[in-house]
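Here's the structure we're looking at; comments come further down.
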Amino acid sequence: MKSCDETLSPTGGWLASVCVCLLCGFATLGTMVPMPLRAASLSVGGWSLSSEIECGNAGRILQVGENHVAIAPREDAIPVQVQVTGPISSYVVCCEIANESSTARRLTVDVIIPEWMLGGPKGRFDYYLRRPYLLRAPQSVAWTEVAAADQADRPDCVRLTLSFGPHERKVLSTIPSFPFSALQRELEAIARSSGDARMRRIGISEEGREMWSLELGADGKPTLVFAATAQPGEPSAWAILAMARAAAADPELVKLRANYQLVFLPMPNPDGVAHGYANTNPNGKMVFIGFEAAAKKGETFHETRVVWDYLAENPPLALVEFHFLSLPNHKVTGPYVIDPILFTNPERRALSQNLAQALTALSDPRGVRRVAAGHAMWKQLLPYQAIVTWNTVAFLYQNTGPSTSLRQSEQRGIEILKVTLQTIGHAGTDDASAKAARAVRD
Ligand SMILES: [Zn+2]
(Lines give C-alpha, C1' and ligand atoms only; values in the text may rest on other atoms or scores of the structure.)
Protein backbone atom coordinates (compact mmCIF):
# COMPACT_ATOMS: atom_id res chain seq x y z
CA MET A 1 0.00 0.00 0.00
CA LYS A 2 1.28 3.42 -0.94
CA SER A 3 1.25 6.10 1.68
CA CYS A 4 -0.97 9.10 0.98
CA ASP A 5 2.10 11.21 0.27
CA GLU A 6 3.38 8.93 -2.49
CA THR A 7 0.01 9.02 -4.17
CA LEU A 8 0.15 12.63 -5.22
CA SER A 9 1.53 16.04 -4.54
CA PRO A 10 -1.62 18.07 -4.00
CA THR A 11 -1.38 21.40 -5.74
CA GLY A 12 1.96 21.65 -7.49
CA GLY A 13 4.66 24.09 -6.54
CA TRP A 14 3.33 27.40 -7.71
CA LEU A 15 2.08 28.65 -4.38
CA ALA A 16 5.41 28.28 -2.64
CA SER A 17 7.26 30.45 -5.11
CA VAL A 18 5.16 33.58 -4.50
CA CYS A 19 5.94 35.96 -1.69
CA VAL A 20 3.29 38.49 -0.74
CA CYS A 21 3.34 40.73 2.28
CA LEU A 22 0.17 40.19 4.30
CA LEU A 23 -0.97 43.79 4.32
CA CYS A 24 0.05 45.17 0.96
CA GLY A 25 -0.92 41.88 -0.62
CA PHE A 26 -4.62 42.22 0.17
CA ALA A 27 -5.61 44.08 -2.94
CA THR A 28 -3.48 42.19 -5.42
CA LEU A 29 -3.63 38.57 -4.39
CA GLY A 30 -5.81 37.52 -7.29
CA THR A 31 -3.46 38.91 -9.89
CA MET A 32 -0.20 37.72 -8.37
CA VAL A 33 -1.04 34.06 -7.94
CA PRO A 34 -2.16 31.74 -10.74
CA MET A 35 -5.71 30.51 -10.29
CA PRO A 36 -5.93 26.81 -9.46
CA LEU A 37 -8.10 24.46 -11.49
CA ARG A 38 -11.71 24.77 -10.45
CA ALA A 39 -12.69 21.12 -10.16
CA ALA A 40 -11.58 17.52 -10.38
CA SER A 41 -13.28 14.22 -11.14
CA LEU A 42 -12.58 10.50 -11.43
CA SER A 43 -14.51 7.51 -12.73
CA VAL A 44 -12.98 4.15 -11.92
CA GLY A 45 -14.06 0.67 -10.85
CA GLY A 46 -17.75 1.58 -10.78
CA TRP A 47 -17.10 4.62 -8.59
CA SER A 48 -17.51 8.14 -9.79
CA LEU A 49 -16.25 11.14 -7.84
CA SER A 50 -16.58 14.79 -8.75
CA SER A 51 -16.08 18.19 -7.19
CA GLU A 52 -17.99 19.76 -10.08
CA ILE A 53 -20.97 20.33 -7.83
CA GLU A 54 -22.23 23.34 -5.93
CA CYS A 55 -19.82 24.04 -3.02
CA GLY A 56 -17.47 21.42 -4.51
CA ASN A 57 -13.75 21.55 -3.83
CA ALA A 58 -10.99 19.15 -4.89
CA GLY A 59 -7.69 19.87 -6.60
CA ARG A 60 -7.10 16.28 -7.70
CA ILE A 61 -8.85 12.93 -7.33
CA LEU A 62 -6.81 9.79 -7.97
CA GLN A 63 -7.17 6.04 -7.71
CA VAL A 64 -5.00 4.41 -5.02
CA GLY A 65 -6.23 0.81 -5.40
CA GLU A 66 -9.41 -1.21 -5.70
CA ASN A 67 -12.21 0.64 -3.88
CA HIS A 68 -9.63 3.14 -2.69
CA VAL A 69 -9.21 6.73 -3.86
CA ALA A 70 -7.38 9.88 -2.74
CA ILE A 71 -8.65 13.46 -2.82
CA ALA A 72 -6.47 16.54 -2.48
CA PRO A 73 -8.03 19.90 -1.69
CA ARG A 74 -7.88 22.70 -4.20
CA GLU A 75 -6.34 25.68 -2.47
CA ASP A 76 -7.68 29.22 -2.65
CA ALA A 77 -5.47 31.55 -4.68
CA ILE A 78 -3.72 32.73 -1.54
CA PRO A 79 0.01 32.15 -1.15
CA VAL A 80 1.08 29.81 1.64
CA GLN A 81 2.98 32.70 3.22
CA VAL A 82 -0.34 34.47 3.71
CA GLN A 83 -2.19 31.31 4.69
CA VAL A 84 0.17 30.66 7.61
CA THR A 85 -0.02 34.26 8.87
CA GLY A 86 -3.72 34.99 8.51
CA PRO A 87 -6.32 36.23 8.14
CA ILE A 88 -7.45 33.01 6.45
CA SER A 89 -9.46 30.31 8.11
CA SER A 90 -10.79 26.94 7.15
CA TYR A 91 -9.93 24.51 4.41
CA VAL A 92 -12.46 22.77 2.25
CA VAL A 93 -12.78 19.39 0.60
CA CYS A 94 -16.21 18.70 -0.89
CA CYS A 95 -16.98 15.98 -3.39
CA GLU A 96 -19.92 13.96 -4.64
CA ILE A 97 -19.29 10.21 -4.65
CA ALA A 98 -21.48 7.73 -6.52
CA ASN A 99 -21.50 3.96 -6.28
CA GLU A 100 -22.53 3.00 -9.80
CA SER A 101 -22.74 -0.68 -8.91
CA SER A 102 -25.96 -2.53 -8.09
CA THR A 103 -24.38 -3.99 -4.97
CA ALA A 104 -23.62 -2.35 -1.63
CA ARG A 105 -19.90 -1.56 -1.26
CA ARG A 106 -17.36 0.32 0.80
CA LEU A 107 -14.94 2.93 -0.49
CA THR A 108 -11.76 4.06 1.23
CA VAL A 109 -11.11 7.77 0.72
CA ASP A 110 -7.79 9.36 1.70
CA VAL A 111 -7.98 13.13 2.04
CA ILE A 112 -4.47 14.32 1.34
CA ILE A 113 -3.09 16.98 3.65
CA PRO A 114 -0.93 19.52 1.78
CA GLU A 115 2.67 19.27 2.88
CA TRP A 116 2.92 22.85 4.14
CA MET A 117 0.15 22.11 6.65
CA LEU A 118 2.09 19.26 8.23
CA GLY A 119 4.74 21.55 9.69
CA GLY A 120 6.81 24.64 8.95
CA PRO A 121 8.24 27.71 10.66
CA LYS A 122 4.76 28.88 11.66
CA GLY A 123 3.68 25.48 12.97
CA ARG A 124 1.18 22.87 11.89
CA PHE A 125 -2.09 23.64 10.13
CA ASP A 126 -3.34 20.12 9.45
CA TYR A 127 -6.18 20.62 11.94
CA TYR A 128 -8.05 22.33 9.07
CA LEU A 129 -8.50 18.88 7.51
CA ARG A 130 -8.41 16.70 10.63
CA ARG A 131 -11.93 17.17 11.91
CA PRO A 132 -15.15 15.19 11.80
CA TYR A 133 -16.14 14.80 8.14
CA LEU A 134 -19.71 15.27 7.01
CA LEU A 135 -22.05 13.53 4.59
CA ARG A 136 -25.35 14.45 2.97
CA ALA A 137 -27.57 13.18 0.20
CA PRO A 138 -27.12 15.24 -3.00
CA GLN A 139 -30.69 16.61 -2.89
CA SER A 140 -30.64 17.47 0.80
CA VAL A 141 -28.91 20.11 2.91
CA ALA A 142 -29.02 17.94 6.05
CA TRP A 143 -25.50 16.96 7.08
CA THR A 144 -24.58 14.01 9.28
CA GLU A 145 -21.16 13.30 10.76
CA VAL A 146 -19.09 10.37 9.54
CA ALA A 147 -18.95 7.84 12.40
CA ALA A 148 -15.72 8.17 14.40
CA ALA A 149 -14.96 4.50 13.71
CA ASP A 150 -14.99 5.22 9.96
CA GLN A 151 -12.46 8.06 10.14
CA ALA A 152 -8.78 7.73 11.06
CA ASP A 153 -5.86 10.17 11.21
CA ARG A 154 -2.78 9.01 9.36
CA PRO A 155 0.51 10.91 9.18
CA ASP A 156 -0.21 12.64 5.88
CA CYS A 157 -3.93 12.11 5.30
CA VAL A 158 -7.30 11.46 6.86
CA ARG A 159 -8.63 8.03 5.91
CA LEU A 160 -12.38 7.58 5.63
CA THR A 161 -14.14 4.29 5.03
CA LEU A 162 -17.59 4.96 3.61
CA SER A 163 -20.48 2.56 3.01
CA PHE A 164 -22.72 2.92 -0.04
CA GLY A 165 -25.92 1.18 -0.99
CA PRO A 166 -26.54 0.12 -4.61
CA HIS A 167 -26.41 3.23 -6.86
CA GLU A 168 -26.18 5.48 -3.82
CA ARG A 169 -24.72 8.98 -4.10
CA LYS A 170 -23.35 11.03 -1.23
CA VAL A 171 -21.66 14.39 -0.80
CA LEU A 172 -18.57 14.25 1.44
CA SER A 173 -17.33 17.51 2.99
CA THR A 174 -15.10 18.99 5.66
CA ILE A 175 -17.62 21.78 6.36
CA PRO A 176 -21.43 21.93 6.53
CA SER A 177 -21.76 24.30 3.58
CA PHE A 178 -25.12 25.95 2.98
CA PRO A 179 -25.71 25.99 -0.81
CA PHE A 180 -26.51 29.28 -2.50
CA SER A 181 -29.23 27.49 -4.49
CA ALA A 182 -31.15 26.79 -1.27
CA LEU A 183 -30.88 30.32 0.10
CA GLN A 184 -33.64 32.10 -1.79
CA ARG A 185 -36.18 29.36 -1.00
CA GLU A 186 -35.24 29.52 2.66
CA LEU A 187 -35.54 33.32 2.81
CA GLU A 188 -38.89 33.22 1.03
CA ALA A 189 -40.18 30.74 3.61
CA ILE A 190 -39.08 33.00 6.47
CA ALA A 191 -40.55 36.08 4.78
CA ARG A 192 -43.89 34.26 4.36
CA SER A 193 -43.93 33.35 8.05
CA SER A 194 -43.87 36.97 9.19
CA GLY A 195 -46.16 39.85 8.26
CA ASP A 196 -43.42 42.47 8.46
CA ALA A 197 -40.54 40.70 6.66
CA ARG A 198 -39.24 41.50 3.21
CA MET A 199 -36.42 40.17 1.07
CA ARG A 200 -34.15 42.66 -0.62
CA ARG A 201 -31.73 42.03 -3.43
CA ILE A 202 -28.91 44.31 -2.29
CA GLY A 203 -26.76 43.63 -5.33
CA ILE A 204 -25.36 41.06 -7.71
CA SER A 205 -22.08 39.19 -7.24
CA GLU A 206 -19.29 39.26 -9.81
CA GLU A 207 -20.71 36.09 -11.37
CA GLY A 208 -24.29 37.38 -11.29
CA ARG A 209 -25.69 35.70 -8.18
CA GLU A 210 -28.19 37.61 -6.04
CA MET A 211 -26.94 39.03 -2.78
CA TRP A 212 -29.91 38.90 -0.41
CA SER A 213 -30.87 40.56 2.81
CA LEU A 214 -33.95 39.88 4.87
CA GLU A 215 -35.41 42.91 6.63
CA LEU A 216 -37.84 42.58 9.51
CA GLY A 217 -39.80 45.42 11.11
CA ALA A 218 -40.65 48.95 10.11
CA ASP A 219 -38.38 51.08 7.99
CA GLY A 220 -37.18 54.19 9.82
CA LYS A 221 -36.63 52.48 13.17
CA PRO A 222 -33.06 52.00 14.45
CA THR A 223 -31.49 49.10 12.57
CA LEU A 224 -29.68 46.08 14.00
CA VAL A 225 -27.67 44.02 11.49
CA PHE A 226 -26.69 40.36 11.78
CA ALA A 227 -24.28 39.41 9.02
CA ALA A 228 -22.50 36.20 8.11
CA THR A 229 -18.78 36.40 7.44
CA ALA A 230 -17.92 36.45 3.74
CA GLN A 231 -15.50 33.54 4.28
CA PRO A 232 -17.25 30.66 2.48
CA GLY A 233 -15.33 28.10 4.54
CA GLU A 234 -17.24 29.33 7.61
CA PRO A 235 -20.84 28.53 6.64
CA SER A 236 -22.47 31.11 8.90
CA ALA A 237 -25.67 31.22 6.82
CA TRP A 238 -26.96 28.47 9.11
CA ALA A 239 -26.74 30.75 12.14
CA ILE A 240 -28.05 33.89 10.40
CA LEU A 241 -31.04 31.99 8.98
CA ALA A 242 -31.76 30.50 12.41
CA MET A 243 -31.76 34.03 13.84
CA ALA A 244 -34.09 35.30 11.11
CA ARG A 245 -36.47 32.37 11.60
CA ALA A 246 -36.57 32.94 15.35
CA ALA A 247 -37.01 36.70 14.96
CA ALA A 248 -39.93 36.13 12.61
CA ALA A 249 -41.77 33.54 14.68
CA ASP A 250 -40.70 33.43 18.34
CA PRO A 251 -43.23 35.55 20.30
CA GLU A 252 -40.62 36.71 22.82
CA LEU A 253 -38.28 37.90 20.07
CA VAL A 254 -41.13 39.49 18.11
CA LYS A 255 -41.91 41.54 21.24
CA LEU A 256 -38.26 42.40 21.87
CA ARG A 257 -37.71 43.64 18.33
CA ALA A 258 -40.81 45.87 18.21
CA ASN A 259 -38.80 49.12 18.28
CA TYR A 260 -36.18 48.05 15.74
CA GLN A 261 -35.67 47.08 12.17
CA LEU A 262 -33.64 43.85 11.94
CA VAL A 263 -31.46 43.11 8.93
CA PHE A 264 -30.06 39.64 8.21
CA LEU A 265 -27.25 39.14 5.67
CA PRO A 266 -26.80 35.38 5.35
CA MET A 267 -24.44 35.10 2.37
CA PRO A 268 -22.33 38.11 1.40
CA ASN A 269 -20.03 36.04 -0.87
CA PRO A 270 -22.37 33.79 -2.88
CA ASP A 271 -19.81 33.03 -5.62
CA GLY A 272 -17.27 31.84 -3.07
CA VAL A 273 -19.91 29.57 -1.52
CA ALA A 274 -21.08 28.21 -4.86
CA HIS A 275 -17.52 27.30 -5.87
CA GLY A 276 -16.50 25.88 -2.49
CA TYR A 277 -13.73 28.34 -1.67
CA ALA A 278 -12.53 28.71 1.90
CA ASN A 279 -11.76 32.42 2.11
CA THR A 280 -12.12 34.12 -1.25
CA ASN A 281 -14.45 34.73 -4.14
CA PRO A 282 -13.62 32.93 -7.44
CA ASN A 283 -11.25 35.76 -8.37
CA GLY A 284 -9.10 35.13 -5.34
CA LYS A 285 -10.37 38.19 -3.47
CA MET A 286 -10.87 38.02 0.29
CA VAL A 287 -14.06 40.07 0.27
CA PHE A 288 -14.42 40.01 4.08
CA ILE A 289 -11.62 42.57 4.18
CA GLY A 290 -11.44 45.75 2.11
CA PHE A 291 -13.92 47.73 4.23
CA GLU A 292 -11.45 50.50 5.05
CA ALA A 293 -11.26 51.38 1.36
CA ALA A 294 -15.04 50.98 1.03
CA ALA A 295 -15.62 53.42 3.91
CA LYS A 296 -13.25 55.94 2.30
CA LYS A 297 -15.11 55.56 -1.01
CA GLY A 298 -11.96 54.07 -2.52
CA GLU A 299 -11.55 51.11 -4.81
CA THR A 300 -12.38 47.82 -3.13
CA PHE A 301 -13.67 44.32 -3.88
CA HIS A 302 -17.03 44.02 -5.60
CA GLU A 303 -19.03 42.20 -2.91
CA THR A 304 -17.39 44.31 -0.18
CA ARG A 305 -18.69 47.42 -1.96
CA VAL A 306 -22.22 45.99 -2.30
CA VAL A 307 -22.43 45.22 1.43
CA TRP A 308 -20.97 48.56 2.51
CA ASP A 309 -23.19 50.66 0.23
CA TYR A 310 -26.29 48.79 1.36
CA LEU A 311 -25.51 49.39 5.04
CA ALA A 312 -24.50 53.01 4.37
CA GLU A 313 -28.03 53.74 3.10
CA ASN A 314 -29.25 53.36 6.66
CA PRO A 315 -26.27 53.06 9.06
CA PRO A 316 -27.04 50.50 11.75
CA LEU A 317 -27.27 51.17 15.46
CA ALA A 318 -25.67 47.75 16.06
CA LEU A 319 -24.00 45.06 13.96
CA VAL A 320 -22.75 41.56 14.71
CA GLU A 321 -20.66 39.72 12.14
CA PHE A 322 -20.88 35.99 12.82
CA HIS A 323 -17.99 33.58 12.12
CA PHE A 324 -18.34 29.83 12.47
CA LEU A 325 -15.84 27.04 12.32
CA SER A 326 -15.36 23.82 14.22
CA LEU A 327 -11.66 23.72 15.04
CA PRO A 328 -9.91 21.73 17.74
CA ASN A 329 -7.10 24.27 18.11
CA HIS A 330 -9.41 27.24 18.67
CA LYS A 331 -10.16 26.91 22.35
CA VAL A 332 -13.47 28.65 22.86
CA THR A 333 -16.03 30.97 21.30
CA GLY A 334 -16.44 34.66 21.99
CA PRO A 335 -16.66 38.25 20.75
CA TYR A 336 -13.83 40.42 19.52
CA VAL A 337 -14.10 43.69 21.45
CA ILE A 338 -12.73 46.63 19.50
CA ASP A 339 -11.13 49.51 21.43
CA PRO A 340 -14.00 51.79 22.59
CA ILE A 341 -11.78 54.84 22.01
CA LEU A 342 -12.97 54.66 18.39
CA PHE A 343 -16.43 55.93 19.39
CA THR A 344 -16.94 59.68 19.19
CA ASN A 345 -20.52 59.33 20.47
CA PRO A 346 -20.38 58.61 24.25
CA GLU A 347 -23.84 57.01 24.35
CA ARG A 348 -22.88 54.58 21.63
CA ARG A 349 -19.62 53.86 23.45
CA ALA A 350 -21.52 53.05 26.64
CA LEU A 351 -23.99 50.89 24.73
CA SER A 352 -21.07 49.07 23.13
CA GLN A 353 -19.55 48.35 26.54
CA ASN A 354 -22.89 46.99 27.77
CA LEU A 355 -23.22 44.72 24.77
CA ALA A 356 -19.59 43.59 25.10
CA GLN A 357 -20.40 42.53 28.65
CA ALA A 358 -23.55 40.72 27.58
CA LEU A 359 -21.81 38.88 24.73
CA THR A 360 -18.95 37.97 27.05
CA ALA A 361 -21.36 36.58 29.63
CA LEU A 362 -22.92 34.47 26.89
CA SER A 363 -19.52 33.06 25.92
CA ASP A 364 -16.49 31.57 27.53
CA PRO A 365 -14.57 34.58 28.98
CA ARG A 366 -11.34 33.07 27.65
CA GLY A 367 -12.77 33.53 24.17
CA VAL A 368 -12.99 37.32 24.39
CA ARG A 369 -10.32 39.10 22.35
CA ARG A 370 -9.38 42.78 22.52
CA VAL A 371 -8.67 44.60 19.29
CA ALA A 372 -6.46 47.70 19.49
CA ALA A 373 -7.42 50.91 17.69
CA GLY A 374 -5.42 51.27 14.51
CA HIS A 375 -4.79 47.52 14.11
CA ALA A 376 -3.62 47.09 10.51
CA MET A 377 -5.68 43.96 9.74
CA TRP A 378 -8.72 44.85 11.81
CA LYS A 379 -9.10 48.20 10.07
CA GLN A 380 -10.02 46.22 6.97
CA LEU A 381 -13.01 44.53 8.59
CA LEU A 382 -16.66 45.54 8.59
CA PRO A 383 -17.25 45.82 12.38
CA TYR A 384 -14.23 48.11 12.79
CA GLN A 385 -15.24 50.44 9.96
CA ALA A 386 -18.86 50.48 11.15
CA ILE A 387 -17.67 51.85 14.49
CA VAL A 388 -15.32 54.41 12.92
CA THR A 389 -17.77 55.62 10.29
CA TRP A 390 -21.19 55.38 11.94
CA ASN A 391 -20.48 54.80 15.66
CA THR A 392 -22.28 51.50 15.22
CA VAL A 393 -22.16 49.18 18.23
CA ALA A 394 -20.26 46.50 16.33
CA PHE A 395 -18.69 43.13 17.10
CA LEU A 396 -17.23 40.18 15.34
CA TYR A 397 -18.41 37.02 17.07
CA GLN A 398 -15.99 34.13 16.63
CA ASN A 399 -17.98 30.95 17.06
CA THR A 400 -15.01 28.66 16.66
CA GLY A 401 -13.76 25.86 18.85
CA PRO A 402 -13.86 22.13 19.27
CA SER A 403 -17.42 22.09 20.61
CA THR A 404 -19.00 24.11 17.82
CA SER A 405 -21.23 22.32 15.38
CA LEU A 406 -23.92 23.26 12.95
CA ARG A 407 -26.67 22.96 15.59
CA GLN A 408 -24.58 24.74 18.21
CA SER A 409 -23.94 27.64 15.83
CA GLU A 410 -27.65 28.01 15.12
CA GLN A 411 -28.36 28.06 18.82
CA ARG A 412 -25.56 30.54 19.54
CA GLY A 413 -26.85 32.77 16.76
CA ILE A 414 -30.28 32.96 18.38
CA GLU A 415 -28.70 33.61 21.79
CA ILE A 416 -26.67 36.49 20.32
CA LEU A 417 -29.79 37.95 18.71
CA LYS A 418 -31.69 37.80 21.98
CA VAL A 419 -28.88 39.24 24.10
CA THR A 420 -28.40 42.07 21.58
CA LEU A 421 -32.11 42.91 21.60
CA GLN A 422 -32.29 42.75 25.39
CA THR A 423 -29.22 44.94 25.89
CA ILE A 424 -29.91 47.50 23.17
CA GLY A 425 -33.65 47.45 23.79
CA HIS A 426 -33.17 48.18 27.47
CA ALA A 427 -30.90 51.14 26.72
CA GLY A 428 -33.21 52.33 23.95
CA THR A 429 -36.25 52.77 26.20
CA ASP A 430 -35.07 56.22 27.33
CA ASP A 431 -35.01 57.40 23.72
CA ALA A 432 -31.39 58.61 24.06
CA SER A 433 -30.09 55.81 21.90
CA ALA A 434 -32.66 56.41 19.18
CA LYS A 435 -31.74 60.10 19.24
CA ALA A 436 -28.06 59.20 18.96
CA ALA A 437 -28.86 56.93 16.04
CA ARG A 438 -30.61 59.76 14.25
CA ALA A 439 -27.80 62.20 15.03
CA VAL A 440 -25.17 59.86 13.56
CA ARG A 441 -27.30 59.13 10.52
CA ASP A 442 -27.99 62.81 9.84
ZN1 LIG B 1 -13.68 33.93 10.19
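Ligands are counted one by one from 1 in listed order, and the atoms in each one are counted from 1 as well. Just so it is clear, the model here is predicted, and its values are computed rather than measured.
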Seminar exercise, completed: For Asp196, the side-chain hydrogen bond (donor to acceptor under 3.5 Å, both in side chains) test, sequence neighbours excluded, returns Ser194, Arg257
Exercise. If you check every N/O/S atom of His323, which is the one nearest the Zn ion (ligand 1)?
Worked result: ND1
Exercise. If you check every N/O/S atom of Glu234, which is the one nearest the Zn ion (ligand 1)?
Worked result: OE2
Problem set entry | Cationic N near anionic O, under 4.0 Å, Glu188 to Arg185 | no
Exercise. Is the distance from the Zn ion (ligand 1) to the nearest N/O/S atom of Gln231 under 2.8 Å?
Worked result: yes
Exercise. Nearest heavy-atom pair of Tyr277 and Pro232: which atoms, and what distance?
Worked result: O-CB, 3.0 Å
Exercise. What pairs of residues pass the salt bridge (Lys or Arg N to Asp or Glu O under 4.0 Å) test when at least one of them lies in residues 293-308, not counting sequence neighbours?
Worked result: Glu292-Lys296, Arg305-Asp309
